[in-house]
Number of protein chains: 2
Amino acid sequence: MKPTAKQVAHEAGVSISAVSRAFSPGSSIDPEKRQRILQVAVQLGYTSPARRTAEVISAGTVTLVAGDLANPFYPLVLDTLAKALQAVGRQLLVYAIPPGTDMDHLTPQILAARPNALVVTSASLTSGMALACRQHGIRVVLVNRIQRDVRVNAVACDNHAGGRDAATFLMARERRRIGFIGGVADTSTHRDRITGFREALQEGGQSLFAEATGGYTYRGGYTAAQAMLTNKVRPDALFCCNDIMALAAIDAARELGFSTPDDLSIIGFDDIPMAGWTSYRLTTIRQPITRMINEVVDLIEAGATVPIDETTTSILPGKLMVRGSA
Amino acid sequence: MKPTAKQVAHEAGVSISAVSRAFSPGSSIDPEKRQRILQVAVQLGYTSPARRTAEVISAGTVTLVAGDLANPFYPLVLDTLAKALQAVGRQLLVYAIPPGTDMDHLTPQILAARPNALVVTSASLTSGMALACRQHGIRVVLVNRIQRDVRVNAVACDNHAGGRDAATFLMARERRRIGFIGGVADTSTHRDRITGFREALQEGGQSLFAEATGGYTYRGGYTAAQAMLTNKVRPDALFCCNDIMALAAIDAARELGFSTPDDLSIIGFDDIPMAGWTSYRLTTIRQPITRMINEVVDLIEAGATVPIDETTTSILPGKLMVRGSA
DNA sequence: CCGCTCCCGTGAAATTTTTTCAAATATCGA
DNA sequence: TCGATATTTGAAAAAATTTCACGGGAGCGG
């Protein structure tokens with residue numbers, strides 16, 4: 001016998017109308033009452049017709065909020081995630097938002113669709129959004145981003161250690177004028193990488209020779225590298241906050257007649273496919289994408305057994321890929 | 001006064017039940033009748049409750065079915081489309097499917113979500129899927145793909161003319177041993193490009209010197225180019241079916257000690273951002289992505305006024321970007 | 001070619017859900 | 001403190017969905 005709204009209403013001690021309202025987003029109903037009704041509904045296995053439609057839509061789906069698709073690292077993440085989810089019988093839904101846009105206006109849509117989980121690689125998550133998701137039982141996973149102000153799951157590469165490795169490697173190669181091209185100052189990846197880098201540099205008795213930001217883009221990286229390399233005293237090594245900027249730096253160096261690693265060493269971060277191409281052979285810190293995505297999928301699949309406000313932060317080690325550029 | 005199912009039923013000359021069925025996917029109803037009901041419903045502005053909920057979820061969304069995100073051209077399309085839709089107040093939802101997978105199993109989900117439109121850049125659309133979409137009033141737009149067996153909208157670059165342009169350009173540069181590295185033989189882009197290329201070659205009194213396929217990937221392109229260039233008699237020009245393979249060809253050539261354009265000319269197709277990077281300076285046919293996406297958005301926005309089975313195929317001209325590689 | 005079965009499509013009716021309405025309660029500003 | 005306004009609520013009305021039984025092919029065996 002299929003459960004009906006009437007049964008739920010009786011069980012929860014409310015009217016049928018209230019049950020109906022609990023299921024339609026935007027209805028005027030006491031949030032506490034709605035939650036109680038929803039809870040009873042789950043117990044009885046009741047779903048409203050409207051809800052059933054929504055469930056067909058979001059059956060087994062995971063929603064990804066992605067920005068900055070111009071950086072090949074993110075398509076790579078998207079692709080890997082899509083395949084991993086496919087393997088466990090789920091689908092990937094992507095909200096692609098232009099970089100710099102905040103994601104709050106997506107909240108109603110995301111909540112209405114009730115995905116199994118929300119994966120965020122873009123910009124920052126507002127605490128309101130995080131709270132709303134938790135209340136609606138949607139697990140949130142941040143990828144390649146750490147945010148300490150909201151209690152959500154996060155999976156990232158060990159950016160701090162990566163920064164240290166880069167510095168250690170460059171110093172071992174006797175580099176003495178080491179520059180840094182950053183991404184966007186208030187992102188956790190930028191912060192952690194430069195902090196680790198500086199720390200190791202200091203331990204080796206050096207300090208940063210030059211510093212600039214390139215906004216994680218090719219153009220920004222190119223301009224920054226060009227400026228540094230046309231100074232009277234130029235750096236003999238560059239650590240770039242991501243691969244795109246590192247490749248841009250190599251291009252800028254070549255354009256000025258310098259070659260890697262003889263005239264200067266260049267190290268990137270991410271290990272996007274292009275880093276391995278023979279024209280660049282970029283030395284870089286590889287992010288363990290496959291392992292990161294496996295972690296993400298595990299967190300999502302754990303859904304049923306782990307309480308939703310028990311959050312995990314996974315920091316996975318990166319790996320220095322020594323190629324030709326440093 | 002809000003229109004009801006009863007009015008629609010009366011207007012369409014069917015029972016209320018039929019109207020309800022027309023709106024629930026998977027119900028047993030004559031497809032023709034469903035279509036008529038849906039048409040009347042649109043006229044009267046009727047929406048079923050289930051549909052209304054779905055509309056909250058997919059309000060103003062466009063669903064994109066994308067594959068092959070390893071080719072930077074598609075993230076570029078995705079990014080551009082996301083921004084264009086954002087500008088007209090819509091959101092982009094992406095179903096990312098691993099290349100080679102067919103999209104038929106997505107049908108129920110996509111239909112249930114009732115997006116405003118479906119944009120397909122991946123693999124091929126089965127006629128069943130296309131038919132189902134039309135019956136449900138979902139406009140379908142193929143991007144960078146032409147399919148004559150199903151009646152859907154399509155927006156693509158003029159691949160035939162692009163192929164011709166490439167051939168004409170290479171012949172004007174006195175190239176006499178012109179090779180071709182294709183993508184995947186049964187895709188429309190591959191077919192149109194090689195057909196146009198061959199045609200122009202023939203008109204210039206030449207024929208293809210060598211031919212291989214690289215599956216649209218870097219590795220495939222690299223291997224194919226390497227094989228051609230280690231033959232006793234090697235080509236003095238290569239037309240690659242997309243930029244990734246062209247960049248791979250440049251890398252393979254460099255690795256063997258050849259340089260472009262002196263030892264051989266290389267032309268690509270797409271004009272992905274990397275093609276303009278100073279280490280490559282790839283001569284290539286630019287796909288007018290912005291214009292293509294504008295067409296897509298126009299087709300979607302025209303939704304209300306143009307009948308759904310009036311389909312348009314837009315073929316936009318590409319542009320030869322002459323850089324350093326040919 | 002006939003008859004049999006099975007399955008699809010259908011409207012009426014039963015059931016379920018949503019919406020409307022009016023009353024009750026809470027909230028806010030003066 | 002009071003009134004005005006907004007929010008929440010259940011009953012009832014309206015609407016939508018599902019069930020049910022039946023009609024009418026299509027396929028199939030005789």
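Just so it is clear: chains get the letters A, B, ... in the order the sequence lines come, proteins before strands, and each one is counted from 1. Please read these numbers as outputs of a predicted model, since none were measured by experiment.
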For nucleotides 20-25 of chain C, list the nitrogen or oxygen atoms of the protein found under 3.5 Å from its nitrogen or oxygen atoms, one pair per line.
from: C:dT20; atom 1: O4; to: A:Arg21; atom 2: NH1; distance (Å): 3.4

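Atoms CD (B:Glu32) and P (C:dG9) sit 12 Å apart, rounded to a whole Å. The distance from atom CZ of B:Arg36 to atom P of C:dG9 is 14 Å, rounded to the nearest whole Å. Summarising the geometry, the separation between NZ on A:Lys6 and P on D:dG10 is reported as 16 Å, rounded to the nearest angstrom. Nucleotide C:dA12 holds its P atom 12 Å from the NE2 atom of B:His10, rounded to whole Å. Between the CG atom of B:Leu44 and the C1' atom of D:dA15 there is a distance of 16 Å, given to the nearest Å. A straight line from CD1 of B:Ile16 to P of C:dT15 spans 17 Å, rounded to a whole angstrom.
Residues B:Asp158 and B:His160 meet the side-chain proximity criterion, which asks for heavy atoms closer than 4.5 Å. The closest side-chain heavy-atom distance from B:Val14 to B:Val19 is below 4.5 Å.
Not a single donor-acceptor pair under 3.5 Å links the side chain of B:Arg193 to the backbone N or O of B:Asn159. When atom types are taken as modelled, the side chain of A:His190 and the backbone of A:Gly183 share a donor-acceptor pair closer than 3.5 angstrom. Under the 3.5 Å distance criterion, the side-chain polar atoms of A:Thr4 are matched with a main-chain donor or acceptor of A:Lys6.
Applying the side-chain contact (heavy atoms from CB on, under 4.5 Å) rule to A:Thr290 yields the partners A:Asn294; only residues at least two apart in sequence or on another chain are considered. In this structure B:Leu76 satisfies the side-chain contact (heavy atoms from CB on, under 4.5 Å) test together with B:Pro273, B:Ile289, sequence neighbours excluded. Applying the side-chain contact (heavy atoms from CB on, under 4.5 Å) criterion to B:Thr312, with sequence neighbours excluded, gives B:Asn153, B:Leu299, B:Ser314. Scored by the side-chain contact (heavy atoms from CB on, under 4.5 Å) test, A:Asn71 finds A:Asp68, A:Phe73, A:Tyr74, A:Asn242, A:Ile244, A:Asp270 as partners (sequence neighbours excluded).
In the helix from C:dC1-D:dG30 to C:dA30-D:dT1, the rotation axis of the first five pairs and that of the last five pairs differ in direction by 30°, rounded to 10 degrees.
Contact annotation: B:Ser20 side-chain N/O to D:dT17 OP1/OP2 distance is under 4.0 Å.
When distances are taken from the side chain of B:Ser15 to each of C:dG11, D:dA16, D:dG10, the shortest belongs to C:dG11.
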